[in-house]
Number of protein chains: 2
Amino acid sequence: MAVTLKDVAERAGVSRSAVSRTFTEGASVSAKTRAKVEAAAQELGYSPNALASSLTTGRTKLIGLVSNNFHNPLFLEVFDLFTRGLQERGLRPLLVNLSHETDPANSVRMLRQYSVDGVIVASSTLQPSFAEAFRDAGVPVVHSFGRYTTSPHVHVVGIDNIACGRMAAQALIARGHRRVAFMGGPEGATSTQDRARGFLDALATHPEIAVSVSYASAYSFDAGRAEMARLLQSDPAEAYFGGDDVLSIGALSAIADKGLQVPQDIGIIGLNDMAMARWENINLTTIRQPIPEIIAASIDLVVATIEQPDRHPETRLFPCRVIERGTLRPLPD
Amino acid sequence: MAVTLKDVAERAGVSRSAVSRTFTEGASVSAKTRAKVEAAAQELGYSPNALASSLTTGRTKLIGLVSNNFHNPLFLEVFDLFTRGLQERGLRPLLVNLSHETDPANSVRMLRQYSVDGVIVASSTLQPSFAEAFRDAGVPVVHSFGRYTTSPHVHVVGIDNIACGRMAAQALIARGHRRVAFMGGPEGATSTQDRARGFLDALATHPEIAVSVSYASAYSFDAGRAEMARLLQSDPAEAYFGGDDVLSIGALSAIADKGLQVPQDIGIIGLNDMAMARWENINLTTIRQPIPEIIAASIDLVVATIEQPDRHPETRLFPCRVIERGTLRPLPD
DNA sequence: AAGATATTTGCAACCGGTTGCAAAAACTTT
DNA sequence: AAAGTTTTTGCAACCGGTTGCAAATATCTT
């Protein structure tokens, strides 16, 4: 069925090497043979088998794209940018969904079987050890949306969650709130831990402001809604830092149910700036993560590591900024 | 670096074939050799190279998952279910993002280079010819969310958009609306054309009801919002069938801006039942597409076609149903 | 225990490509 | 036109596996 190198070689009346060379960047072929080969290839509808060639070249141009965030709408943007970014560089994303997978070893084995050139772990809720398992297997790996550490074992690209927590605190302080709170994602997620830490750090110098902290069970609408409903039962704070947009939108829904006005009765600031935050009927004040930059850097870094495997692990963090919308009262003049 | 068959064979003191056979389902190996080989493989950390074996077996277990819907939140659910469904069957999704791609031939060539066993085209806005290009190249293909035709050239799985249009019309008729309208997605999309057709068909037998039709420029929040804002400038209908949920949510935002109440002043019914439709602060009445069934059927069909390539193209359509929420007034008793 | 049968094993060729090397062909130089 | 250089070409081995076949081994009959 499939047309092979040999078929083209016979048709063009040249050796198999000649055909291989015409399809290899920078190989030595005369204009005449190239023309013959290209004509024959055209006629037969030949296109080289990438997998067969990977056997000798050692490169598949396959990149494992591993995530467990298939419920946070932000990740549709993430997948869009990753797939396009990889395609533009001639790389192919092999998608791995970890939603119901517990054993990282499984994914490592599978991706090794497919000889991926590199792996991008896109998740803020996976343990660092997960990405490290790939490194230990000798596969170049980047942990996107991962946690900053001073001596990382793998490349990490993301935001400084501690700084974001601080930024959120400052936004609430600047508005003169006296009772504020952090409503985090799942307590075990390092992203939530760091955001809480930055938030509390910034407020530590403001003893006049009352602070409290609670955690939703997941980064999801329902979890945010349930947690806010619980908080509203007894003496809520004036303003909340929601650990994530989708969580914050869930919280908004609980607030509306209770008949309270946002931002008059209660304020909220999210984190991510996902597409829905901009929707006018949600209009969430939030802290924007520069997703396109994070993804571009992740791709750069995985490509660089493929070319230079002993490259030292590095951390690239991008600055976030507050996006003013309608869920936090305006700054006093 | 990598451990190969040969390494394991030498270590275990057997032939390469013996090693290959221990890792091949149903091959003939004695318990004794199997044990020796497994021990050696364990010690060396060997796992077989899936791509090398694909060369002789002709199967890569790679499935091309092609889409251009990286902005409709519904598709995050779609990708979640596809990736998990494929993984459960030992298949690997190679993701292709067509968002900015115009030439199907490119994708066909690329997926052929990677010898994918089959392709799933997941899109309601791609031309049938796109999926057909794969079939013409001899690659088993299923068009998910595609259009029903009586004599399909490729497998199609989806919903009966005409029936859905009819269903939407009936929902509005049953509520006693006298002026209704269809606000479709891009006019060129076959899904929109069919939904419009069903909608108009059902209303044809109700000459007392005034009907109008208009189209948004895309299946997106902004397009829905802009189109509804335009409609509200002059004499809008009492109730709308929005061609899609995200479009309808955009429309809701324009309606709220105008200070109108839903469903009292204006009603809307969407289509898809994506996650956000359920969010209490959106609470969109809509028609549910049975996404999990569509995806399971798509996977079944692509697998069946891989095993039996000359299988006749078939169409599998799943029934939709109205999900009552808050954007359409209640049925009269 | 010999013969018949069934199972296991290794050899060698193959899958579809790439690549080092030496020979052949094409140019330069004088 | 001969000698020297450079470029192009094909051979053959290899990448990491699989598989048909015949030989070797094990198991079953009687």
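Chain A is the first sequence line, chain B the second, and so forth, proteins listed ahead of strands; every chain is numbered from 1.
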Testing C:dG17, C:dT19, D:dG16 for proximity to the side chain of A:Thr56, the answer is C:dG17
For this session: Indicate whether the side chain of A:Ser191 and that of A:Asn161 have a donor and an acceptor atom separated by less than 3.5 Å.
Result: no
Considering only heavy side-chain atoms of B:Leu55, the closest of C:dG16, C:dG10, C:dT18 is C:dG16
Closest heavy-atom pair, A:Val157 versus A:Ser298, reported as atoms and distance to 0.1 Å, is CB-OG, 3.6 Å
The nucleotide from C:dG10, D:dT18, C:dT18 with an atom nearest the side chain of B:Ala18 is C:dG10
- prompt: Does a distance-only test, which skips hydrogens and angles, find a donor-acceptor pair under 3.5 Å between the side chain of B:Arg16 and the base of D:dG17?
  reply: yes
Rounded to whole Å, CD of B:Glu10 lies from P of D:dG16 at a distance of 12 Å
When all nucleic acid strands are considered with a 4.0 Å heavy-atom cut-off, which category describes A:Ser28: base, sugar-phosphate, or nothing? base
Under a 3.5 Å threshold, yes or no: a donor from one side chain and an acceptor from the other, between A:Tyr219 and A:Ser124? no
Taking OP1 and OP2 of D:dT9, is either one under 4.0 Å from a side-chain nitrogen or oxygen of A:Thr33?
-> yes
Could B:Asp117 and B:Arg92 be called an ion pair, given the rule that one side-chain N must be under 4.0 Å from one carboxylate O?
-> no
In whole angstroms, the gap separating P of C:dT19 from CG of A:Leu5 amounts to 12 Å
Which of D:dG16, C:dT19, D:dT8 is nearest the side chain of A:Ser30? It is D:dT8
*asked:* Under 4.0 Å, counting only non-hydrogen atoms across every strand here, what does A:Tyr46 touch: a base, just sugar-phosphate, or nothing?
replied: sugar-phosphate
note: B:Glu25, atom CD; D:dT19, atom C1'; distance rounded to Å ~ 17 Å
Of the listed D:dT18, C:dG16, D:dG17, the closest approach to the B:Ala52 side chain comes from D:dG17
Checklist entry - Within the modelled atom types, does a donor on one side and an acceptor on the other bring the side chain of A:Arg21 and the base of D:dG10 under 3.5 Å apart? => result yes
Separation of D:dT27 atom P from B:Lys32 atom NZ, nearest Å, is 8 Å
Testing D:dG17, C:dG17, C:dT9 for proximity to the side chain of B:Thr4, the answer is D:dG17
Rounded to whole Å, CZ of A:Phe23 lies from P of C:dG17 at a distance of 10 Å
Requested in this report: Name the nucleic acid region contacted by A:Val19, choosing base, sugar-phosphate or nothing; use a 4.0 angstrom heavy-atom cut-off, strictly under.
Outcome: nothing
A:Arg59 CZ to D:dC15 C1', in whole Å, measures 15 Å
For A:Ser123 and A:Asn69, the nearest pair of non-hydrogen atoms, with its separation, is CA-ND2, 3.7 Å
Whole-Å distance, B:Asn49 CG to C:dC15 P, equals 18 Å
For a quick test of reading the model: is some side-chain N or O of A:Ser17 closer than 4.0 Å to OP1 or OP2 of D:dG10? no
Atom NZ of B:Lys6 and atom P of D:dA13 are separated, to the nearest Å, by 15 Å
